[in-house]
Engineer: 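Below is a structure I'd like to ask you about.
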Amino acid sequence: MSLDDATVEVVRGSLREVFATGRPVAPALDELGWAEVLEEDPSIATTVLFGEQGRALASSGLLADTMLAELPGYAPGTHTLLLPHPRLGSHPGPTGVLLASTAEVVVVPRATPDGVVLATIERSSLVTRPAGGFDPGSGWQLVTLGAALQPDSVPVGAAWERAVATGRRALAAEIIGVCTAALELAVTHTSVRHQYGRPLGSFQSVRHQLAEAHAALEAARVTLDVAWSAAEDVAAWAATVAKLRAGATQSTVLRRTVQVLGAMGITLESDMHRYVSRGAALDALLGGHLRLADEVGSAALAGADLHPVVTT
Amino acid sequence: MSTSTAPLGPRAAELAVDPVAYALALREHLADNSADYDRWRGHEPMTVAERNHHHAALLRALHDDGGWTRYGWPEPAGLGGDPRHRAALYDELSSAGLPVPDQCLVLETLGNPVVHFAPTLAAEVMPALFTGAQWWGQGFSEPEAGSDLAALRCRARRDGDHYVVSGQKLWMSFGATAHRFVCLVRTGTPEARHRGLTMLMIDADAPGVSRRPVALASGQEEVSEVFFDDVRVPLSRAIGAEDQGWAVAMYLLQFERSMFAWQSAGIALRRLRDLRDRLASSGTPLPDGTTSRLGSTYADIVTLRSRSAATIRRLAAGDTVGPEASVDKILLATVETGLHDLARDALGADFLLADPQDPHALDSTAWRAEWWYSRSSTILGGSAEVQRTILADHVLGLPQESSR
């Protein structure tokens, strides 16, 4: 099944409203009957949901919920997932990130020689500190795990790879949302702001920078579409490429949109800085674009199939 | 008028309506007859002219054993189907480690307007393309009309039932060996700019045609300059109506920006595999950053394939592809420059110093020639700057540049 264009626009409008009010997202999604929309068309539903979250610069635990759905036995709302620390890419380790979620029970992944295992732990027993840093609005909490933990660990096998792939597709969509809003802001600004007696957007250097940003954004969109429709045996690989592409896109787009806003782009007075820091934060989760490029390149040199991924 | 008598498989009718079945059948054919195609694997002939003829023989082989080159083109010359059949041909060739014939690069650009605007002419001239007996060159640019194509001056005046063409064309790919040229010529006044142009097919052996190969910096004669000295061309060789050449050129660009990109992406993936194999077995430490650039270049190729596949599906569905196709073109240039810069940097001293006469250094010599050719990806068919201006004007809707 798939959603028709008109329905998608209605859904997008409702989500935009939800994120604009700033109220908790999870109950609002229940009111919208989100479960049905998701079941009808997971690719479009997820892409629109995370795209709108990115556009609104909202923070939530949706990413963890989406990944948990691939790991049977956990209920979003009750459970949330501890994400690997950005310095670890997609590999769970002794440190992690909790997203803005009110769930009381945390699902903690750990890497073992036999693959990833999961354990649950009460949130109140975790040592956390708010992640301020580059993106103060992320709502993240940084977690350092104690030594004595998780007697109840259960192996999840390939489900972890599926959860990571799902998370990477969601993050790619959110990055695209962030960049779309940033580019719109840059187009508006350069169309109305005048210097030397003409709009900034009539100068070729400005026009070309924004055209490059547009091309990068379209590239991220279509690579994500392909990742959603990829055959099962190549789905994780395609999701990695889509995340790599989106991460590289935020770097390209936001460098240009900041530049064309002039000094305004680096002040607190314009929202541009929020797009920049959110783009960087989302890129860092589950493997930043430079790390993923290195991983893909290493796999290639080790003999991995350079799969064509897409046909006409 | 030649009609092909080469045998088709028993499933021709089914394959013509089903691009996926066609792709699978072709894959099976190439696998079953792999040894017959070995002569097109490995290193290519040294000169462009030799390579053109070598590739023409590949077209012949594909044509004569199953009519594989005719799918995706309308009857009677073709067997029916849509652009996805052609996309599958190029992709299956690349996957099988075979070249996409040079002729197909031009065919994808010029074949479409001929079929669309001049079906009678198409029925006459296209069968020879599918067998590799003939190929075409594209005559758009001139010495005084590069990016500013509407400034072109090569003139065609009417004389009875003929046009008489005088002027010159530049940068024609495979112009030194092509059998016919498809040229954009001026039938109106120079002041009429893009409104006074007509698309004509001109035979390369017509009296008054002369050509001069132009060597790229690699020494390879990839392009030519072609001169027309009162060349008589029958009115029936017009592609589209007189003075409507600009619309024909715009129609053609849809295919140039998607199918050419798709072909190039397939070739690029084959060459990236070649490069990876060579680097993985080199036994020497790779220059800093090589691994991650290999990963990014692969991702760039997947992105280009994703974009051009989407555009080709739109064309197959009958949609018109507009200025947004400049994105395809930018992504293609990203792949071409990225891949070849990676090869140049990663191969290092071999790239720089390999002796062109050394039979053991053919791979480095080939990468060197391809590197120079890759520089054209930001110039030909509308420069990188033109593509960005199109997106700024027609997609982003930014304020116009005041000087234009």
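Values below: all heavy atoms of this structure, side chains included; hydrogens, waters and symmetry mates excluded. So you know, we letter chains A, B, ... as the sequences are listed, proteins then strands, and number each from 1.
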Engineer: Heavy-atom distance under 4.5 Å to chain B: side chain of A/L244, backbone, both or neither?
Structural biologist: side chain
Engineer: Considering only heavy atoms, which portion of B/R305 lies under 4.5 Å from any heavy atom of chain A: side chain, backbone, both, or neither?
Structural biologist: both
Engineer: Output yes when a side-chain donor or acceptor of B/Y298 lies under 3.5 Å from a complementary backbone atom of A/V241, and no otherwise.
Structural biologist: no
Engineer: Determine which residues belonging to residues 314-348 of chain B lie within contact range of chain A, meaning some heavy atom pair is under 4.5 Å apart, and list them by number or answer 'none'.
Structural biologist: B/V327, B/I330, B/L331
Engineer: Give, as side chain, backbone, both or neither, the part of B/A310 having an atom under 4.5 angstrom from any heavy atom of chain A.
Structural biologist: side chain
Engineer: Report, by ascending residue number, the residues of residues 182-195 of chain A in heavy-atom contact with chain B at a distance under 4.5 Å; give 'none' if the set is empty.
Structural biologist: A/L183, A/V187, A/T190, A/S191
Engineer: Whether the B/T303 and A/R245 side chains hold a donor-acceptor pair (N or O, under 3.5 Å, no angle test) is what I'd like checked.
Structural biologist: yes
Engineer: Could you state the interatomic distance from CG (A/L306) to CD1 (B/I301), rounded to the nearest 0.5 Å?
Structural biologist: 8.0 Å
Engineer: Among B/D91, B/T297, B/D300, who wins on heavy-atom pairs under 4.5 Å with chain A?
Structural biologist: B/D300
Engineer: Contact part of B/L286 toward chain A, heavy-atom cut-off under 4.5 Å: side chain, backbone, both or neither?
Structural biologist: side chain
Engineer: Is it the case that over 12 heavy atoms from other parts of the model lie below 6.0 angstrom from the CG atom of A/D305?
Structural biologist: yes
Engineer: Does any heavy atom of chain B fall under 4.5 Å from the side chain of A/H289, the backbone, both, or neither of them?
Structural biologist: neither
Engineer: Where does A/P308 contact chain B at under 4.5 Å (heavy atoms): side chain, backbone, both or neither?
Structural biologist: both
Engineer: Do A/R207 and B/L396 come close enough that some side-chain heavy atom pair is under 4.5 Å?
Structural biologist: no
Engineer: Of the non-hydrogen atoms in B/S292 and A/A293, which two are nearest, and what is the gap between them?
Structural biologist: O-CB, 3.6 Å
Engineer: Hey, could you give me the NE2/CG distance between A/H208 and B/L398, rounded to the nearest 0.5 Å?
Structural biologist: 10.0 Å
Engineer: Just checking heavy atoms, which of residues 257-283 of chain B are less than 4.5 Å from chain A?
Structural biologist: B/W262, B/L269, B/L272, B/R273, B/R276, B/L279, B/A280
Engineer: Heavy-atom count check: over 12 atoms from other residues, nucleotides or ligands less than 6.0 Å from B/D288 CG?
Structural biologist: no
Engineer: Most heavy-atom pairs under 4.5 angstrom with chain A, which of B/S95, B/A309, B/S306?
Structural biologist: B/S306
Engineer: For the CG atom on B/L24, are there more than 12 heavy atoms of other groups (residues, nucleotides or ligands in this structure) within a distance under 6.0 Å?
Structural biologist: yes
Engineer: Between B/T291, B/L391, B/V302, B/L294, which shows the greatest number of heavy-atom pairs under 4.5 Å with chain A?
Structural biologist: B/T291
Engineer: Identify which part of B/V20 has an atom lying under 4.5 Å from any heavy atom of chain A, answering side chain, backbone, both or neither.
Structural biologist: neither
Engineer: Looking only at heavy atoms and a cut-off of under 4.5 Å, which of B/Q387, B/R313, B/R293 has the most pairs with chain A?
Structural biologist: B/R313
Engineer: Under 4.5 Å, heavy atom to heavy atom: which of residues 214-240 of chain A reach chain B? Give them by number, or say none.
Structural biologist: A/H214, A/A215, A/E218, A/A219, A/V222, A/T223, A/V226, A/W237
Engineer: Heavy-atom distances under 4.5 Å only: say whether B/E385 touches chain A with side chain, backbone, both or neither.
Structural biologist: both
Engineer: Report the option among A/D294, A/L292, A/L210, A/V296 that has the most heavy-atom pairs separated by less than 4.5 Å from atoms of chain B.
Structural biologist: A/D294
Engineer: Are there more than 12 heavy atoms of other residues, nucleotides or ligands under 6.0 Å from atom CZ of A/R16?
Structural biologist: yes
